[in-house]
Q: 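Dropping a structure here in C-alpha cells format, bear with me for questions.
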Amino acid sequence: MSGPARVRMSPDHRREQLLALGVRLLSTRSLDELSIEMLAEEAGISRGLLYHYFGNKQDFHRAVCRRAADDLIEVTAPVREGEPLERLALSLDAYVGYVEENFAGYTSLVRSAASGDEDLQRIYEEAQTALTDRIFDEAGDRDDSAAGVLEAFTVEDTPAVRLMVRGWSAMTEAVVIAWVRDRQAGREVVSRDDLLAMLATALPGVLAGAPDRSRTTG
C-alpha cells in the first residue's frame, strides 16, 4: 500500500518556511555564520534550489533580517490594558525576552547596521522607528477614557520629543544588550524587574528636558 500523497508547497509557502528556518538559525549565530549552505542542509534541499528563492547570500541575509525585524515588532506590540508605565514595562519585557532568545543574531544586525551596510541599516532603522512611533501612535488608537504614554507624561508630540524618544530607545537597546551579555557571562546584574522599572521610568525623565512647542524651530 502506498503512503499518503506528498503535498507540494507553493513557492511562496516554501520561501516563508525557509525564512522561518533562517530566523531560527540566526537566533544563535551571527550573520557572517549564517550561510546558504547551512540553510540548505537544515532544510534538506539543494543549494541550487535555495538560490531560486534567494539570489545570493546578501539577498538571503536581507530577507532573514527583515523577517526577524518583523518578528520583533510583532512580539513587542503594546498591550491595551493598564497604566501607561505598566504597558510600557510589558513591551520592554517582551523586548528583553526577544534579545535574550536571539542575542547573537540581534547584536549581529546592530553591528552590521552600524558598520555601514546600507540595506541592513535601512531594515534596522525601520524597525527602530516602528518601535518608537508606537509611543506617539498609541493615543490615537485608544478610546478617550485611557491615557496614552505621552498624555500620562503631559508632553506634546513635537520634533524635540521625538528626538528624545529616539535617544531613549538607543539607550534602552545599549542597556539591554549589556545586561544580557553580562548575565550570560555570569556577572552580577540587576534583577529583570529592576531593569524594566529603570528603563520605563527613564523615559519621563528624558522627556522632561525637551523644550515645548513654542521653543521648537525648523
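Atom set for the values below is all heavy atoms of this structure, side chains included, hydrogens, waters and symmetry mates excluded.
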Q: Met164 and Met171: same hydrophobic cluster, using ILVMFWY side-chain contacts below 4.5 Å?
A: yes
Q: Without placing hydrogens or testing angles, list every side-chain donor-acceptor pair under 3.5 Å for residues 193-204, not counting sequence neighbours.
A:
| from | atom 1 | to | atom 2 | distance (Å) |
| --- | --- | --- | --- | --- |
| Asp194 | OD2 | Ser191 | OG | 3.3 |
| Thr201 | OG1 | Ala197 | O | 2.7 |
| Thr201 | OG1 | Met198 | O | 3.3 |

Q: Evaluate side chain to side chain contact (heavy atoms under 4.5 Å, CB included) for Asp70 paired with Glu74, printing each intermediate quantity in order.
A: CA-CA 6 Å; Asp70 290 343; Glu74 181 179 354; over 6 Å; no
Q: Please answer whether the main-chain N or O of Leu25 pairs with a side-chain N or O of Arg29 as donor and acceptor at a distance below 3.5 Å.
A: yes
Q: After noting the C-alpha distance and the side-chain angles of Asp59 and Asn56, does the key distance pass the side chain to side chain contact (heavy atoms under 4.5 Å, CB included) rule?
A: CA-CA 5 Å; Asp59 289 343; Asn56 53 48; 3.4 Å; yes
Q: If you measure from CG on Leu49 to CD1 on Ile36, what distance do you get to the nearest 0.5 Å?
A: 10.5 Å
Q: Kindly say whether Ile123 contributes a backbone atom to a donor-acceptor pair with the side chain of Glu126 at under 3.5 angstrom?
A: no
Q: Please indicate whether Glu42 has more than 12 foreign heavy atoms, meaning atoms of other residues, nucleotides or ligands, lying under 6.0 Å from its CD.
A: yes
Q: To the nearest 0.5 Å, how far apart are CG in Leu34 and CZ in Arg24?
A: 11.0 Å
Q: Do Arg181 and Gln184 get their side chains close enough for a donor-acceptor pair, meaning under 3.5 Å?
A: no
Q: For the residue pair Glu101 / Ser27, report whether a side-chain donor-acceptor contact shorter than 3.5 Å exists.
A: no
Q: Any chance CZ of Arg192 has more than 12 other-residue heavy atoms, nucleotides or ligands included, within less than 6.0 Å?
A: yes
Q: Could you walk me through whether Val165 and Phe136 pass the side chain to side chain contact (heavy atoms under 4.5 Å, CB included) test, one step at a time?
A: CA-CA 10 Å; Val165 168; Phe136 302 96; 3.7 Å; yes
Q: Tell me yes or no: between the side chains of Tyr106 and Glu173, is some donor less than 3.5 Å from an acceptor?
A: yes
Q: Quick one: CG on Asp12 to CD on Gln17, what's the gap to the nearest 0.5 Å?
A: 13.0 Å
Q: Would you say Val206 and Leu163 are hydrophobically clustered, going by side-chain heavy atoms of ILVMFWY under 4.5 Å?
A: no
Q: Does any N or O in the side chain of Ser108 come within less than 3.5 Å of the main-chain N or O of Ala104, such that one atom is a donor and the other an acceptor?
A: no
Q: About how many Å separate CZ of Arg15 and CZ of Arg67, when rounded to the nearest 0.5 Å?
A: 8.0 Å
Q: With rounding to the nearest 0.5 angstrom, report the OG1 to CZ distance, Thr76 to Arg134.
A: 4.0 Å
Q: Hey, mind stepping through Leu31 and Leu120 against side chain to side chain contact (heavy atoms under 4.5 Å, CB included) and telling me if it holds?
A: CA-CA 11 Å; Leu31 271 173; Leu120 295 181; 3.6 Å; yes
Q: So how far is it from Arg47 CZ to Phe54 CZ, rounded to the nearest 0.5 Å?
A: 15.5 Å
